[in-house]
Structures are given as structure tokens and as C-alpha cells.
> 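Sharing a structure here in C-alpha cells format.
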2 protein chains.
Amino acid sequence: MDTTIMLTLYREQIKSLITFNDEEWYAFASFLKVKKLGKNECFVEAGKVCKELAFIIKGAVRFCNSIDGIEITGYFCFENSFVTSIKSYLTGEPCLYDIKALEETFFVSISKENMQAMLLHPLLSCKVERFGRLVSEKFNILFEDRLKSFIVKTPEERYLDLLETGKDIVKRIPVQYIAQFIGITPVSLSRIRKRILENTPSPNKTKF
Amino acid sequence: MDTTIMLTLYREQIKSLITFNDEEWYAFASFLKVKKLGKNECFVEAGKVCKELAFIIKGAVRFCNSIDGIEITGYFCFENSFVTSIKSYLTGEPCLYDIKALEETFFVSISKENMQAMLLHPLLSCKVERFGRLVSEKFNILFEDRLKSFIVKTPEERYLDLLETGKDIVKRIPVQYIAQFIGITPVSLSRIRKRILENTPSPNKTKF
DNA sequence: TGATTTTCTTATCTTTTGTTAAGAAATCAA
DNA sequence: TTGATTTCTTAACAAAAGATAAGAAAATCA
């Protein structure tokens, strides 16, 4: 995908958070970087500091971690959303998980260094402060929703919620990753899927 | 507790997020409000929009919700931390839960209206943008930690984590609220507590 | 294509949690 | 203090999830 197209898409997608006149956009864009990852390549690796706040133009990633050899998927991010290891990015602590592309994925990214430079840039400073705040707030809203799903919903409900996002990439995500995302084992998700199928027979099939 | 003392404590507590010269502080403080709630009084009620970003000077609150008559505690906030229904505060949507004082609690609060006024205030605008961003980032870090605890930890581990915060108010929080916070039933927490006691006999007691 | 590897499902058994109900303990108010 | 109410614990059973292993299905690759 062409760099210019990606930047244009990015400008369009973020305009609810920050808008520019041409001079500002030119300055802002000079701090941006486009990035492409192949399937299973890492956006960041566990143990390293995440120094990028990126936006997915196309593709998807999963957050995953190997603890004692067991892999955990904590989260997915799909296209048109921001992605970073937020705590690591903010605090400079090492990231606790990998962020890996689920398929070929295109990003527009701001390094922490460039973010800080922009916060000192006379033309951009205030707008970027605001942008940073709004992005951070977006993460808060996502987190609150996801946390609520863990507190008030069952694994089965979380699975149905994920299906209802309607994103067709969900159908292509390996079941084991989905299970980890929901917070259960793949075996358990298999049982849930079976249970759902049994309770929603196809219209042509009578149940005895 | 005296208003002046509370504001002074507040200024001290938030100085890692925002600092002021005296003129700025005088302007900033004029937008602040102090607030006291008795036990079980609501900071916000479910169904209403949360219009306050508060800071707990002393006391604690719990986030709770009655769904189909069943009460859920989603979160606790203790002294020296910010409290708000972040999604409601940010989006203006109705809050999905009550935030109730667990005991007599003292707050320093900024209304959304005043926050927005400060964001337009020539003396405060940029600093408050930054403050807003940093507070939002603080919430992100808390959320990430809490979410991780749901994904990688068992209810028993979450309970032990809570005990290890060492806050003595934890000992005074009704067990049922703690159970809800952990994401299990009070019955289940009772069993966990028993299990823990059995596995850590007091030094004076021999186990047969 | 066919062989190999990976992923997914199923089965069995164990552990944990939920549900309901009953009794003990603690709290609160008169 | 006493009685009433609420909260906490325990028990019994049902439902769900974890662990392990084995087989089926799908994907990968030569």
C-alpha cells in the first residue's frame, strides 16, 4: 500500500480527534512513519519498551504473552483503531506481551520521541496535547467496556459479542487465540461452540 | 475536614501531573469543588451522566450496579486516587453503575463544565490539556493492570493481590463486595478464604 | 497430489464455581 | 441488652471449566 494513500487515510480517520490546516498537517506528517508487518511479525516484543503509538490502516493484531510456556492472547485490535502497549508506552516500562500481526498489517505510527518533539513544537503543541488526551480517552473507553465484559458476562456471552462485531477477520482468527481472548481454554471454547450450534439448529433441520 | 486543607493536599498530590505558580493555582483552584459523602451515599447514580472528575482525599468508593436485582461491584477506588465514571464523563452517556462511598469520603472535584472552561482559559489551557491527558493515562494504566488480572489470574490470586495492597480499609469492606470485585460469588470467596486459612496455619498451631 | 504438521474437537476425569438453602456470626437499632 | 436484620459461612448438588490425551479436520508445504 502506498505511503501517501496511508497518510491520507490516517488524516481522514483521525479527524474527529485532531484537524489541521495544510501547514500544520505538513509539520505533523513529518513526524509520522508508515509500517508494514507480515503475518506473525511483532509490532513490539515482550520485555522491550513499546515506543510507538500506531494506527491500523488495514489488518489486525493480537496481544499475546507466553507465561511458563503457555500463550495468552489478551486483546485484538482491528483496522481503524489505535494500537500500542499503553502502559509500556506511557511509563517506559518493558512491555509484558508481544503484539503480533494476525495477517499482513499496515500501520501509521508515531514514535514516543516524535510525540514528545511535537509536544514542544510551537505549531503543534496544543493540538497534539489534545490529540494525546483524546487517544488516551479512547483507550479508557475500550478498557472499561472490556473490563465490564469480564465482570458481568460469561465466556459464552463474550464469544457471542465477538461474533456480533461482524468483522470477517474474526472468522479467520484461530480458535485458540479467540479462546485466550475470552479468557478460557480452547477446549472450553470448543464446548461452547458446540453448545451454541446445538441450541440454534438450522431452519431446515427439525430438532427431536 | 477543612476546605483549605483539602485543597492543599490536592495540590500536593497532583504535583506530578500539574504544577502551578501562585497565580495559576489561584485560577485553577477557583474551578475546584470540595465534596463530602457519608457512607453509602452516591457520587454518581446509574442512569445519570457523570459530570465530575474527582480525587479522593480520604475514604473509598465502590462501583456497583444492580442488574436484574443482582448487585455487581466492578471496582474500588481508595484515597489519593482519581475517581469518575470515565466513559460517562468522557462521552456524556449515562453512567451504567452507581459510585458509592464505602465510608465517609472526602473529594476534590472538577466538573466537566469547569474542565472545559479551563481548557479555554488563557492562563490554564495548555497545562490543563496536559493534566487531562495524564489523568486519562493513569486510568489506562489501572485498567490495563486490572484487565490483565482477569485474563491471567485466578479469583484466588486476585483476592490475594487485593490483600497485598495492605490498605486496612480492605479489611473493612464487606466480603460480598470483594467477591463481586474479584468476579465471583460471595459463597465462592468464602471457600477460597477457607482454603487459604487451611493452607497457612498460624505458627502456633500444628496441623495433623 | 500426498505427507507432515498444526489446529480443532471430543472424551474422561478433576477441580472450581454457581445455586440454593440453612444456620452461625456480626451488626444495628430500639 | 435484646431482638431484628444483615452478612458470612457451610453444605449439597448442578453446571461449567481446566487438564490431559487421543483422534479428526484443516492447513501447509514439498
Side-chain angles (χ1 to χ4, degrees), chain A residues 38-41 60 62 64-74 76 100-104 149-163 168-200, chain B residues 38-41 60 62 64 66-73 76 100-104 149-163 168-200:
Chain A
K39 185 174 178 177
N40 286 325
E41 285 186 311
R62 69 188 181 105
C64 55
N65 185 354
S66 293
I67 301 171
D68 307 325
I70 297 153
E71 193 172 65
I72 306 279
T73 295
F76 298 123
K100 276 187 194 171
L102 278 159
E103 54 183 17
E104 186 177 69
S149 82
F150 272 98
I151 294 170
V152 307
K153 296 193 176 176
T154 62
E156 180 165 337
E157 288 169 324
R158 288 199 289 281
Y159 177 64
L160 291 171
D161 283 351
L162 187 61
L163 289 187
D168 56 311
I169 191 193
V170 170
K171 293 171 201 141
R172 302 197 303 275
I173 298 174
V175 170
Q176 55 174 322
Y177 299 159
I178 292 183
Q180 293 159 10
F181 174 79
I182 291 171
I184 57 178
T185 59
V187 176
S188 198
L189 179 57
S190 244
R191 283 188 287 231
I192 288 172
R193 282 153 63 98
K194 195 181 171 193
R195 215 151 60 209
I196 291 171
L197 281 176
E198 282 168 357
N199 292 332
T200 54
Chain B
K39 185 174 178 177
N40 286 325
E41 285 186 311
R62 70 187 180 105
C64 55
S66 293
I67 301 171
D68 307 326
I70 297 151
E71 194 172 65
I72 306 279
T73 295
F76 298 124
K100 277 186 192 168
L102 278 160
E103 54 183 18
E104 187 178 67
S149 84
F150 272 98
I151 294 170
V152 307
K153 296 192 174 176
T154 62
E156 180 164 338
E157 288 169 323
R158 287 199 288 280
Y159 178 64
L160 292 171
D161 284 351
L162 187 61
L163 290 186
D168 57 312
I169 190 193
V170 171
K171 294 171 200 138
R172 302 197 303 276
I173 297 175
V175 170
Q176 54 175 323
Y177 299 159
I178 293 182
Q180 292 160 9
F181 175 78
I182 291 171
I184 56 178
T185 60
V187 176
S188 196
L189 180 57
S190 244
R191 284 188 287 232
I192 288 171
R193 282 153 64 98
K194 196 183 172 192
R195 217 152 59 207
I196 291 170
L197 281 175
E198 282 168 357
N199 293 332
T200 55

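Each chain gets a letter, A, B and so on, in the order the sequences are listed, and its residues count up from 1. Note that this is a predicted model, so its numbers are computed, not measured.
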> In Å and rounded to the nearest 0.5 Å, what is the CG to CD distance from D161(B) to E156(B)?
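Going from the CG atom of D161(B) to the CD atom of E156(B) covers 11.0 Å.
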> Which distance, rounded to the nearest 0.5 Å, do you find between the CD of Q180(A) and the CG of L189(A)?
10.5 Å
> Could you work out which one of dC28(C), dG18(C), dC8(C) sits closest to the side chain of S190(A)?
dC8(C)
> Please report, rounded to the nearest Å, how far the C1' atom of dA16(D) is from the CD atom of E157(A).
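Value for this atom pair: 14 Å.
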> Under 4.0 Å: is that the gap between some side-chain N or O of K194(B) and OP1 or OP2 of dA11(D)?
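Checking dA11(D) against K194(B), a side-chain N or O does come within under 4.0 Å of OP1 or OP2.
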> For R172(A) and dT7(C), what is the distance between atoms CZ and P respectively, to the nearest whole Å?
17 Å
> Can you tell which of dG18(D), dT9(C), dT19(C) lies closest to the side chain of V175(A)?
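Closest nucleotide to the V175(A) side chain: dT9(C).
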> Whole Å only: how far is the CZ atom of R191(A) from the P atom of dA19(D)?
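So the two atoms are 11 Å apart, to the nearest Å.
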> Please round to the nearest 0.5 Å and tell me the distance separating atom CZ of R158(A) and atom CZ of F181(A).
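Nearest 0.5 Å value for the CZ-CZ distance: 9.0 Å.
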> Return the value, rounded to whole Å, for the distance between atom CD1 of I184(B) and atom P of dA16(D).
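That distance rounds to 18 Å.
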> Would you tell me if any nitrogen or oxygen in the side chain of T185(B) comes within less than 4.0 Å of OP1 or OP2 on dG18(C)?
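So the side-chain polar atoms of T185(B) do come within 4.0 Å of the phosphate oxygens OP1 or OP2 of dG18(C), strictly under.
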> When you get a sec, tell me which of dT17(C), dC8(C), dA17(D) is the closest nucleotide to the side chain of I192(A)?
dA17(D)
> CD1 of I192(A) to CD1 of I184(A): how many Å apart, nearest 0.5 Å?
3.5 Å
> Classify R193(B) by what it touches in the nucleic acid, base, sugar-phosphate, or nothing, heavy-atom distance under 4.0 Å.
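R193(B): backbone/sugar contact only, no base atoms under 4.0 Å.
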> In whole Å, what is the span from the CG atom of N40(B) to the P atom of dT27(C)?
15 Å
> Counting heavy atoms from C-beta on, name the nucleotide in dG18(D), dA19(D), dT19(C) closest to the side chain of V187(A).
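It is dA19(D).
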> Within this structure, what is the CD1-CG distance for the pair I182(B) and L160(B), rounded to the nearest 0.5 Å?
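CG of L160(B) is found 8.5 Å from CD1 of I182(B).
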> Give S188(A) one of three labels, base, sugar-phosphate or nothing, depending on what nucleic acid heavy atoms sit under 4.0 Å from its own.
sugar-phosphate
> Let me know the distance between NZ of K171(B) and P of dC8(D), rounded to the nearest Å.
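Atom NZ in K171(B) sits about 17 Å away from atom P in dC8(D).
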> By nearest atom, which of the nucleotides dA19(D), dA17(D), dT17(C) is closest to the R195(A) side chain?
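Nucleotide nearest to R195(A)'s side chain: dA17(D).
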> Without decimals, in angstroms, what is the distance between L197(B) CG and dC8(D) C1'?
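It works out to 13 Å between those atoms.
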> The side chain of K39(A) lies closest to which of these nucleotides: dT20(C), dT20(D), dT28(D)?
dT28(D)
> Rounded to whole Å, please give me the gap between OH in Y159(A) and C1' in dT9(C).
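Those two atoms, OH and C1', are 13 Å apart.
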